[in-house]
Every structure is written in structure tokens, then in C-alpha cells.
J.: 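Please see the structure below; I have some questions.
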Amino acid sequence: MERKDYVALLQECYAYGREIAPLVRWQTDLLILGAGVAGVYAALWAEAQGATTLVVSKDPLPSGSTPWAQGGVAFPVDEADVEAHLRDTLQAGRGLVEEKVARSIVEEAPLHLERLLRWGLPFHPQPVREGGHSQARVRHLGGDRSGLWLLRGLLARLNRLPLQGYTALSFLLAGDRVAGALLLGPEGPVEVRAGAVLLATGGFGSLFPVSTAPSGATGDGMVLAWRAGAILRDLEFVQFHPTALPNGALVSEAVRGEGAVLLNAFGERFMPRYAERGELAPRDVVARAVFWEREQTGGTYLDLRVVEHLEERFPTVVASARALGLDPTKDLLPVVPAAHYVMGGIRTDAFGFTGLPGLYAAGEVASTGLHGANRLASNSLLEGLGYGQAGCFGCLARLGRGELRPATAKATRSGGISLHRAGSEAASWGSFGRCARGNTAAGFSGLCQGTSPAGKALGQPGRG
Ligand SMILES: Cc1cc2nc3c(=O)[nH]c(=O)nc-3n(C[C@H](O)[C@H](O)[C@H](O)COP(=O)(O)OP(=O)(O)OC[C@H]3O[C@@H](n4cnc5c(N)ncnc54)[C@H](O)[C@@H]3O)c2cc1C
């Protein structure tokens, strides 16, 4: 039977509530659905802890939005910058960011950077500034191929590569527990039984007519979780990137950090009329301004001619423009707002727990509370790293294979994050208070001086 026939058969089964007989059955400790930054980083942690781990991706690798990320990852540049990064995150989120969540992610960020550098990921030493950031703190790799280089670097460290071409269709339930998933693979339906499932299936940007997201960003994970009874929140908070080419190809915000300006159809620079920070105002402000200027003047353009080393620094942008017959070293680029990132998603706690026993979520599919109503630029790859790790720890605790490790030193001292939200998994939180003082290999002073349990984990031997 061909794949399209299976899809039709499965749709029919759903419609009439019939059982689907799998052709193949697999078993694993941890099933990770999605092979973007969140899924792959989680898998690295799980492998290092000795859990059998299966990662699947419905699209060919490198898949998801991760390889499309251009700007990079936001990391505080030094200890003093932690508070400033946090402030920028809160400000961008329009009062809806959960400060405790944001603080834990930002405080942990240097530990991830430290580890990635130790693994040899070639982050450019000079951070750049993006919209909404009060200073240059976004680290990029491979010019503007940050996500691709990051993902390749992570994939290269996995013992077992993700399986490509396997689409999760529904969860397997054992009572009220998520105990695996039914996948559609090249060989037909596959049943995977798992001790825990981590959803890392990304967002739903491609449901919009103009989107920077790849076509596979269809919100599958949110649907699966919702069908199984998880809570979805803030789905109305979709971030529109202010500067996409008319075909949805992204023109990174970083070009504006390097001096590119926005012009309307009359050739006027308009952003200073809308915001003090001009082109570097938060994304929602710039996207609204671009929308209004298009409505009022008939067009909006980005002038990249002033950007130095354009071809070397932004090869993807240059290639995308040339594909439309434009030369960004000479021509103005027509730009439109495009659906870019989903702030909402499956509500999770500090360990990616969704409230459904056995089900965890990380990355863009999750609503952790970090972004509030509006994501700060380059905070999502960071969240993928932070919650990939935290979600893995949540799953491992569920499997009885490790302690839950709180994300911050502060959390250790206070004895726990979000215990009240742990719900029916409360039993697995029993070990929470037992986290010992950690010893970490590196990081900057104060943060990594032995109080962070995640720092302890980073210092453990494993792959890398
Ligand atoms: C053009 C663009 C540029 C961006 N630039 C930046 C940036 O510079 N900095 C930044 O921080 N963020 C950026 N973002 C956002 C960021 O890239 C994403 O939020 C992030 O990569 C999401 O990672 P993820 O692991 O959650 O999911 P993704 O990377 O989207 O991966 C999703 C995975 O799930 C799989 N999948 C989906 N459905 C199923 C299913 N049913 N069954 C099995 N597998 C499934 C996919 O095949 C894929 O492997 C950008 C986004 C875009 C689109």
C-alpha cells in the first residue's frame, strides 16, 4: 500500500473510531518526536544518561525550523548582562512572560554556550545585536546559517541518528498515561511503546499564507497533545517577522543590527517615527509599522547597501534575494511581515511536563512561559536548548532513571519549581529536594560556582 493510501486509511480509522493494526512494533525508554534543536539536544542528554532513545522526524534531516534560523542564539555576554537579558525578555513579552521561567533560562544560558563551545561548535566570538535586545548578545555560526550549523553540530554527536520519514499520528495510552505513539513510516504504521514521550515537533507557522517556517510546521504536536487531553494556551500569540521577502524567505533581523534601514514606497525611513530604537525595536513593533506603511504608501523595502561584508556575513539573505532576481548590494529588497514563530503551545512546567502522565514537550511546540505575548529575537533556540535538557530530565525522572534537576541554583535552594503544577506525576518529583550541590566545569563566575545542578550535569562525563 502506498503512503497516501495509508493516510486515507488512517483518516478513515479516526473518523469511525476504528483500531489501526501496526505492521511493526518497537520499544524504547524515551521516544522523542521531532529532530530540531529541542529534540536532538534532549536526545544527547538522554543518551549520556544511558536511556534507550528513539528520535523520529517526519521530514528528511536536517528538518524543522531549526536549520532555517539565521540570526543565532541569545546568550548573556557576562554576569551583569543576565539581568539586562531578562529585562529585554520581559519587555518584549508585554507583561505575560513568567519571570521565574525566563530567569532560569537566561541564568542557565551560559552553561549551554560553554558546553557547545567545548563540543567545538564554531560560534563567532563577536555577539551581534538584534531587535529588542539592549545590547549585542546574539551569537551566530556559519554567517547566517546559525540554525543549520547548530543542528548539524548536535546531530554529529548523537550515537543513534533520528529516523527520517516517520510521522506521529496519535499517542498510545495506557490508562491515563501516554505510553508511546503510533507512527506512519515508510513501511506503514509503526507502534512505538515508550516509558515517556517528549514532543519536540515545532510550531505551526506554515498554516499562514506567508510564513518563514518550513512547510512541515503544521502544529502536529499540539494537535496530538490536545486530542490526548493536554492544555494548549496562548495560540493567538503568533509572531510575525517584519522582514520577509514576498515568497516568505527571511531577511534576518541581524542585517538591521548591522545598519540596514527600512524605507516606504516614497523612499522615507519610517521606523524612527514608530519607536525610539528605530529598526531595532521589538519585532511586533516593527512588524506593525511595516504593515501600516505598506497599507498607506503601497510598499516597504529594506536597504542593505550599507551593510559591510554583506555576502560573507549574510550568504542566505543574498542567495534568497538573487533567487528573486535582486542584487541586495545594489537593489532595495521588497519586504512584508510573515508568520514566523508561535509563542503559544502545549502548557508545560519547568521540566516540560504537560500534565498528562508520560508526556513532555520542549521547543516551539511548548508554551513554557518564556515568551509571553512576544518572543525576544533569538530566545527560541536558547529555549530549545534549555527545555530540551529540562524535558529530558523530566522524562528520565518519569522512567526512574534520574533525579529531577531544577534549572537554577535558586530553585535548588528553595526546594523546587512549579511543584504545584506537577499534578499526577507528583510521585516522580519526590527526588526533587535531593539534588546535591553541583560542580560545573565552566561558565562565568557566580553562576557556575557549584550551586547549579544543571552545571553539575554538564560537568559529568558523557559524549563530550
Ligand atoms: C526562518 C526562521 C528563522 C529563525 N531564526 C531564528 C534565530 O535566528 N534564532 C532563534 O532563536 N530562533 C529562530 N527561529 C525560530 C527557531 O528556529 C525555532 O523556534 C526552533 O528552531 C524550533 O525548534 P524545535 O526543536 O522546537 O522544532 P523544529 O526545529 O521546528 O523541529 C520540529 C521537528 O519535528 C518534526 N515533526 C513535526 N511534526 C511531526 C510529526 N507529526 N511526527 C514526527 N515528527 C514531526 C519535524 O520533522 C522536525 O524534525 C527562526 C525560525 C524560522 C522559521
Side-chain angles (χ1 to χ4, degrees), residues 31-43 54-75 128 130-131 138-141 144-148 150-151 154-155 162-171 181-185 190 192 197-206 211-225 239 241 243-245 248-254 283 316-317 320 338-343 345-346 361-366 368 370-371 375-385 387-388 391:
L31 172 62
I32 299 178
L33 301 174
V37 62
V40 176
Y41 200 60
L54 179 65
V55 187
V56 300
S57 160
K58 71 173 175 182
D59 301 307
L61 298 179
S63 58
S65 292
T66 302
W68 295 89
Q70 295 182 6
V73 193
F75 296 109
V128 295
E130 288 192 353
V138 176
R139 300 287 295 268
H140 61 95
L141 312 83
D144 61 1
R145 298 189 185 114
S146 297
L148 180 63
L150 172 66
L151 190 56
L154 298 179
L155 284 168
L163 296 182
Q164 314 173 52
Y166 286 83
T167 304
L169 300 171
S170 67
F171 294 131
L182 183 72
L183 314 177
L184 181 61
V190 176
V192 184
V197 176
L198 178 67
L199 268 174
T201 45
F204 56 70
S206 80
S211 169
T212 61
S215 60
T218 45
D220 301 17
M222 293 180 207
V223 176
L224 294 178
Q239 181 170 83
H241 197 289
T243 56
L245 298 176
L250 180 76
V251 182
S252 166
E253 204 146 29
R283 265 185 196 161
T316 309
V317 170
S320 305
H340 184 59
Y341 183 83
V342 182
M343 270 75 69
I346 306 163
E364 194 170 337
V365 73
T368 63
L370 172 66
H371 306 300
R375 172 188 70 124
L376 181 67
S378 288
N379 260 359
S380 41
L381 291 177
L382 176 62
E383 186 192 40
L385 295 170
Y387 269 81

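Along the sequence shown, residues carry numbers from 1. Just follow the structure's listing: the first ligand is 1, and inside any ligand the first atom is 1. Just so we're clear, the structure is a prediction, and the values are computed from it rather than from any experiment.
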J.: Going by the rule salt bridge (charged side-chain N to carboxylate O under 4.0 Å, His left out), which residues pair with Asp59 if we only count those two or more places apart in sequence or in a different chain?
T.: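 Partners of Asp59 by the salt bridge (charged side-chain N to carboxylate O under 4.0 Å, His left out) criterion come out as none, since no residue qualifies.
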J.: Return the CG to OG1 distance between Leu154 and Thr66, rounded to the nearest 0.5 Å.
T.: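 Result: 9.0 Å between the selected atoms.
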J.: So which residues, sorted by chain and number, lie with a heavy atom under 4.0 Å of ligand 1?
T.: Gly34, Ala35, Gly36, Val37, Ala38, Val56, Ser57, Lys58, Asp59, Ser63, Gly64, Ser65, Thr66, Trp68, Ala69, Gln70, Gly71, Gly72, Tyr166, Thr167, Ala168, Ala200, Thr201, Gly202, Thr212, Ala213, Asp220, Leu250, His340, Tyr341, Gly363, Glu364, Arg375, Ser378, Asn379, Ser380, Leu381
J.: Under the salt bridge (charged side-chain N to carboxylate O under 4.0 Å, His left out) test, which residues partner Glu253, sequence neighbours left out?
T.: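 Once residues adjacent in sequence are excluded, the partners of Glu253 under the salt bridge (charged side-chain N to carboxylate O under 4.0 Å, His left out) criterion are Arg256, Arg283.
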J.: Any luck finding a side-chain donor-acceptor pair between His371 and Gln239 under 3.5 Å?
T.: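 Per modelled atom types, His371 and Gln239 side chains form no pair under 3.5 Å.
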J.: Going by side-chain contact (heavy atoms from CB on, under 4.5 Å), name the residues that satisfy it together with Ala42, two or more places apart in sequence or in a different chain.
T.: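 By the side-chain contact (heavy atoms from CB on, under 4.5 Å) rule, Ala42 matches Ile32, Leu198, Cys392.
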J.: Distance to the ring centre below 6.0 angstrom and angle to the axis at most 45 degrees; does that hold for Arg375 and Tyr341?
T.: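 Yes, Arg375 and Tyr341 form such a contact.
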